[in-house]
Amino acid sequence: MAKPARKVKQPKYVHFFGNGKADGDGSMKDLLGGKGANLAEMAGHPDLRLPVPPGFTITTEVCTHYYKHGKRYPKELKGQVDAALEKVERIMQKKFGDPADPLLFSVRSGARKSMPGMMETVLNIGLTTKSIPGLVRETGGNERFVYDAYRRLIMMYSDVVMEKAAGVEPDEDQGIRRQLERLLEEKKHERGATSDTDLGAEDLRDLCEKFKARVLAVLGKPFPDDPEEQLWGGIGAVFSSWNGKRAVAYRRIEGIPDEWGTAVNVQTMVFGNMGQDCATGVAFTRDPGNGENRFYGEYLINAQGEDVVAGIRTPAPVNEASKGDYNRHEKSLEEAMPKAYRELHAIQRRLEKHYRDMQDIEFTIEKGRLFMLQCRVGKRNGPAAVRMAVDMLKEKLIGAEEAVLRVTASQLDELLHPILDPAAEKTTEPVAKGLPAGPGGATGTVVFTAEDAVKQAAEGKQVILVREETNPEDVEGMRAAQAILTSRGGMTSHAALVARGWGKCCIVGCSAVEVDLRSRRLKIGKERVYREGEWFSLNGTRGLVYEGRLPMVDAAEENESLHEFLAICDKLRRLKVRTNADTPEDAARARTFGAEGIGLFRTEHMFYGKNSDQPLRKLRRLILARTPVERQAAIAELFPFVKNDIRATLEAMDGFPVTIRLLDPPLHEFVPRDEAQLAELAASIGMSLEEAKKRGQSLHETNPMMGHRGVRLGITYPDVTEMQVRAVFEAAAGLLAQGKKAFPEIMVPVVALETELASQLQLIARVHDEVAKERGLKKIPHLVGTMIEIPRAALQAGELARHAQFFSFGTNDLTQMSFGFSRDDMGGFLQDYLAKGILPQDPFQSIDLDGVGELMRLGIERGRAVRKDLKVGICGEHGGDAASVKFCHEVGMDYVSCSPYRVPIARLAASQAVAMERAKGARSASKKAAARPARTGAVRAPRAVAAGSRNGMRPARKKVKVRG
Ligand code: ADP
Ligand code: MG
Ligand code: MG
């Protein structure tokens with residue numbers, strides 16, 4: 001059916017975009033990189049066809065080829081680049097390297113995910129001494145512009161191509177860019193200029209000569225004066241920057257595979273620096289700081305490239321909504337260039353509708369004409385992510401499944417994180433104010449370099465990284481710091497973008513702060529001088545800097561969108577979410593987070609910490625008791641404490657199930673270590689110190705984690721089990737008698753044998769019947785079950801399910817015993833295991849799916865084969881880990897249980913599991929449809945597939961019905 005190919009087709013290494021057409025589209029991020037794919041989409045998609053300067057993308061496959069073949073390009077590349085160049089030349093009616101009227105290009109890197117540390121863009125490529133006069137002529141004698149473009153080219157090119165990509169490592173502060181920047185500063189100083197725009201043509205021409213001389217002196221090579229050499233130098237630099245130190249470091253942090261490679265975009269230059277009717281800017285279709293649905297951005301008149309981001313001048317707001325205290329006096333784009341603004345506004349609306357997500361866009365205005373240079377899904381912090389998901393669902397831009405997938409667990413976590421105590425802030429004067437770039441609060445001691453931040457954080461210190469401005473070299477330090485504070489830069493500066501991506505507390509553009517890197521000091525205003533190591537507190541939500549260490553509190557209750565968002569999650573999810581809580585207060589707090597029960601209530605908690613004196617004393621008596629009479633007396637004294645505790649917790653949960661675990665730890669843990677305490681205890685029960693010591697020693701175990709604990713205590717001391725169980729039933733019966741609700745689930749821990757469980761359950765049943773009879777009740781509603789935390793128990797699940805009405809996987813111990821890794825001693829070698837890739841992750845943090853997960857799967861299967869309605873949950877730390885929650889959903893658990901602060905995370909993860917399941921279902925359904933040779937025609941079907949899976953962030957949303 002297909003036409004026979006005339007010749008073997010060349011692999012396509014170069015994809016053109018522009019003039020309403022594009023070879024690629026937005027779905028091709030793997031091949032074209034994020035930037036290239038979106039340029040193609042903006043230029044060529046029939047719904048968009050935006051004004052994008054024409055150009056072409058060299059694919060990531062070229063990068064992979066380059067590294068596989070000793071840094072050589074595929075032989076077809078040159079020809080394909082030349083052909084694409086010609087195509088652009090035809091559209092622009094200019095020629096690259098033409099001395100009379102040169103076509104200039106930008107060379108831009110672009111990996112799948114935007115990556116600080118990759119080669120920075122080189123603008124104005126193709127400008128040479130030969131073509132300068134031509135360009136001056138063509139721009140009507142705009143010499144100032146031409147030399148402004150040229151000085152930028154020399155600076156960018158020498159920095160990223162001749163120095164960084166060439167692997168030259170200058171001394172601190174001696175990089176070529178810094179050196180040229182100093183020349184520029186000198187020039188400004190000499191001319192009494194405050195801003196680069198105050199320099200005239202003459203100044204800039206002179207500066208270009210100085211720049212070139214300095215490049216030659218420092219780097220030992222002349223700045224290339226040949227357009228082809230500049231172009232290929234730029235392309236080569238992008239590819240070699242993929243393996244640059246900073247890019248590699250960033251990939252490690254973010255887990256980006258080395259094989260992805262980067263693409264290179266070569267694009268016709270448009271100029272924001274030709275005069276007062278020109279500008280360049282960065283904007284977001286919604287506020288990335290709080291998610292508000294308003295167009296938000298910054299721009300600079302007569303500027304080029306990254307001026308806005310780099311903090312060269314204070315950027316102006318694009319509109320009223322973008323005005324802040326720091327730039328209120330500047331003219332907005334809306335006021336300065338109303339026509340271009342209107343156009344930009346309309347385009348950003350279309351872009352957001354098209355991509356159905358907040359876009360981060362870059363634009364340039366040349367002589368009043370607007371050009372789009374980039375768009376991508378915008379980074380946002382947690383509060384913004386949540387708000388946008390809720391709003392976009394309401395606007396019907398996205399469905400519920402997509403809404404829950406729009407927020408990551410760590411973004412949600414940001415909303416649950418602490419802020420500075422508002423009460424303390426009220427009574428403390430801030431020492432400085434900057435831009436609120438990353439919300440939340442943080443306290444820490446000051447460091448001035450990224451290396452110090454990394455080093456001191458590794459020593460366990462809480463540090464705040466203070467810089468004039470940050471750059472990609474600082475990312476590791478930024479990561480390690482509690483918060484970031486910069487004296488320069490705006491809301492779209494590097495520090496702000498990176499911090500926002502990570503949800504870190506960050507304040508930028510805090511101009512009152514003067515950093516002296518050399519003496520490691522910072523000055524605020526005239527008087528205040530601080531040294532490294534002094535404490536500061538930041539309010540990143542308001543941009544306030546305080547000296548000293550302010551107390552912190554939690555913020556979750558204050559966020560409205562959070563509750564709406566979690567309600568959306570709740571409608572989708574099947575898994576119930578419970579909490580691990582040991583006190584009525586914990587239980588109450590967890591209910592405000594949405595807990596639907598308690599998955600683990602540890603009875604022993606009452607013997608630790610606050611108010612534990614009395615009950616602990618009773619327990620110790622019990623442990624040291626010599627005769628049955630003494631034991632009985634001690635148990636009787638302990639009983640009311642246990643009962644009250646259980647009663648209060650059952651009451652707080654108001655009928656939600658409460659899983660009460662029978663006493664678990666080895667008794668030896670409760671014997672006083674301190675001799676004086678032991679003596680006092682002995683005296684109080686009329687025992688000699690000697691005898692008490694002996695009794696204590698007899699309880700000593702070499703390996704208590706695998707010793708006399710859990711159900712084993714219940715086998716030896718059935719009266720202790722009986723006391724606890726009676727406390728449970730009496731507490732529940734008491735509440736019921738008052739018309740309140742109570743639903744206890746009694747859980748037997750550390751079970752390995754069917755017979756162990758059977759003996760305890762028999763006892764429990766007897767006590768139940770006794771209490772029920774005493775209270776005149778037929779039945780006290782409850783369940784009995786067991787924890788599955790020993791591998792043997794998972795294997796014996798079928799037998800255990802004959803007795804147990806529920807299983808709760810205790811995955812901490814299950815992991816410990818499956819691996820034979822002691823939880824308490826693993827710190828000694830875990831780091832080596834992770835660093836050497838022996839273990840992909842800490843199995844105590846995220847369930848080891850292959851081993852522990854397999855045991856769980858098997859346990860559930862065997863258990864449910866015997867008892868169809870067996871209730872299954874998890875109560876280990878893993879219950880609050882998003883990936884583990886997804887697994888729990890997949891294996892058909894009824895609930896997960898986690899610490900109170902992780903409850904919202906679990907609710908999110910459980911809903912995402914459903915959303916992903918449905919998306920997968922929808923995808924495979926449309927794949928099946930595509931595979932069917934239907935009447936609709938084989939040509940159409942594959943397109944439908946491509947459209948459905950266009951973007952990883954966007955699972956197909958049709959055909960899915962929202963439950964509830
Ligand atoms: P990054 O990946 O750091 O965002 P970009 O490749 O987007 O780098 O380039 C940074 C900036 O350079 C852009 O925002 C834009 O202002 C400018 N720029 C890039 N290409 C062009 C071009 N063809 N014409 C004008 N300006 C450009
Ligand atoms: Mg950049
Ligand atoms: Mg960009």
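Whatever order the structure lists ligands and atoms in, that order sets their numbers, starting from 1.
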Has Lys35 got any heavy atom lying under 4.0 angstrom from an atom of ligand 1? yes
I need the atoms of ligand 1 closer than 4.0 Å to a non-hydrogen atom of [X], numbered in the order shown.
| X | answer |
| --- | --- |
| Thr280 | 16 (O) |
| Gln374 | 4 (O), 5 (P), 7 (O) |
| Glu362 | 4 (O), 7 (O), 13 (C), 14 (O) |

According to the interplanar angle, ranging from 0 to 90°, do the rings of Phe145 and Phe271 count as parallel (below 30°), tilted (30 to 60°) or perpendicular (above 60°)? perpendicular
Indicate yes or no: does [X] engage [Y] in a salt bridge with an N to O separation below 4.0 Å.
| X | Y | value |
| --- | --- | --- |
| Asp474 | Arg479 | no |
| Glu352 | Arg286 | yes |
| Arg376 | Glu362 | yes |
| Asp226 | Lys130 | no |
| Lys94 | Asp98 | no |

Is there a donor-acceptor pair under 3.5 Å between the side chain of Arg313 and the backbone N or O of Ile301? yes
Between Ser106 and ligand 1, which part of the residue brings a heavy atom under 4.0 Å of the ligand: side chain, backbone, both or neither? side chain
Any N/O/S atom of Glu362 sitting less than 2.8 Å from the Mg ion (ligand 3), backbone or side chain? yes
So, Gln374 and the Mg ion (ligand 3): N/O/S under 2.8 Å, yes or no? yes
Thr268 N/O under 3.5 Å from ligand 1 N/O: yes
Geometric N/O contact Val270 with ligand 1, under 3.5 angstrom: yes
